[in-house]
Amino acid sequence: GAVVSQHPSWVICKSGTSVKIECRSLDFQATTMFWYRQFPKQSLMLMATSNEGSKATYEQGVEKDKFLINHASLTLSTLTVTSAHPEDSSFYICSARRGFKNIQYFGAGTRLSVL
Amino acid sequence: AQTVTQSQPEMSVQEAETVTLSCTYDTSESDYYLFWYKQPPSRQMILVIRQEAYKQQNATENRFSVNFQKAAKSFSLKISDSQLGDAAMYFCACLNAGGTSYGKLTFGQGTILTVHP
């Protein structure tokens, strides 16, 4: 159990376009999901906390207008990178928190390359 | 704010041997959880082990065990009988169970573990 699916796994887009990444909890309901960014051989940096039915909470320094987060159901959160530029190229990872044990289960990540 | 520090950027171990990865943390909360996650080359984050701060007993999961020293704010991971599949980047993480940062994971810098056959 506790499977989190993330799609797409890799996306290449042109500068100025928008990209949507989906994060789904397949076998449990997740009222809270998280979005992270990771640069090569570095740690995970929390971008935002996504709560079902309410606005996302962004970490300091993260542009909320560039990284739009929607958590419309108990099993789906989406991250849209708007007007992507080469500096947005990175590895994006989502996680979903399961129940009272406070364990986060992670998606496989999305590699975004902006040309 | 909470911080997690992993002072070993890289470690190596011979197959079947034992290795210990170090981690120290700092948090102002009294209720928190500690984790070790593994990230293999596939980059999929995998939960290795979890420790509740209020429990004195060290958590164990098969070949993986922790040495939790609450007063010293230390949380090391011991991998016994190392296998080639253990090669990965290991992250120590802390999660506050209260306060303004409730539910957020703070990760250490990571330790790259190499397993030699």
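Predicted model, so just to flag it, every value in this text is computed and none were measured. In the text below, chain A, chain B and the rest are named by the order of the sequence lines, each starting its count at 1.
Of all the heavy atoms in Gly108(B) and Ser43(A), the pair that sits closest is O-OG, 2.7 Å. Across all their heavy atoms, Lys41(A) and Met89(B) have their closest contact at O-CE, 3.8 Å.
Both Tyr36(A) and Phe91(A) are members of a single hydrophobic cluster when ILVMFWY side chains are connected at heavy-atom separations under 4.5 Å. Grouping the Ile, Leu, Val, Met, Phe, Trp and Tyr side chains by contacts below 4.5 angstrom, directly or via other members, places Met33(A) apart from Leu74(A). Cluster membership for Trp10(A) and Leu79(A), using ILVMFWY side-chain heavy atoms within less than 4.5 angstrom, is not shared.
Within the 3.5 Å criterion, the main-chain N or O of Gly109(A) finds no donor-acceptor partner in the side chain of Gln44(B). No side-chain donor-acceptor contact under 3.5 Å links Gln104(A) to the backbone of Lys104(B).
Here CD of Gln38(A) is found 9.0 Å from CZ of Phe107(B). Values are rounded to the nearest 0.5 Å. Atom CD1 in Ile103(A) sits 9.5 Å away from atom OH in Tyr33(B) (nearest 0.5 Å). Taken to the nearest 0.5 Å, the CD atom of Gln39(B) stands 6.0 Å off from the CG atom of Leu44(A).
Looking at Leu105(B), both its backbone and its side chain come within 4.5 Å of chain A, counting heavy atoms on both sides.
Counting non-hydrogen atoms of neighbouring residues, nucleotides and ligands closer than 6.0 angstrom, the CD atom of Glu87(A) exceeds 12 such neighbours. The 12-atom threshold is not exceeded at NZ of Lys64(A), counting heavy atoms of other residues, nucleotides or ligands nearer than 6.0 Å. Counting heavy atoms of neighbouring residues, nucleotides and ligands inside a 6.0 Å radius, atom NZ of Lys73(B) exceeds 12 of them.
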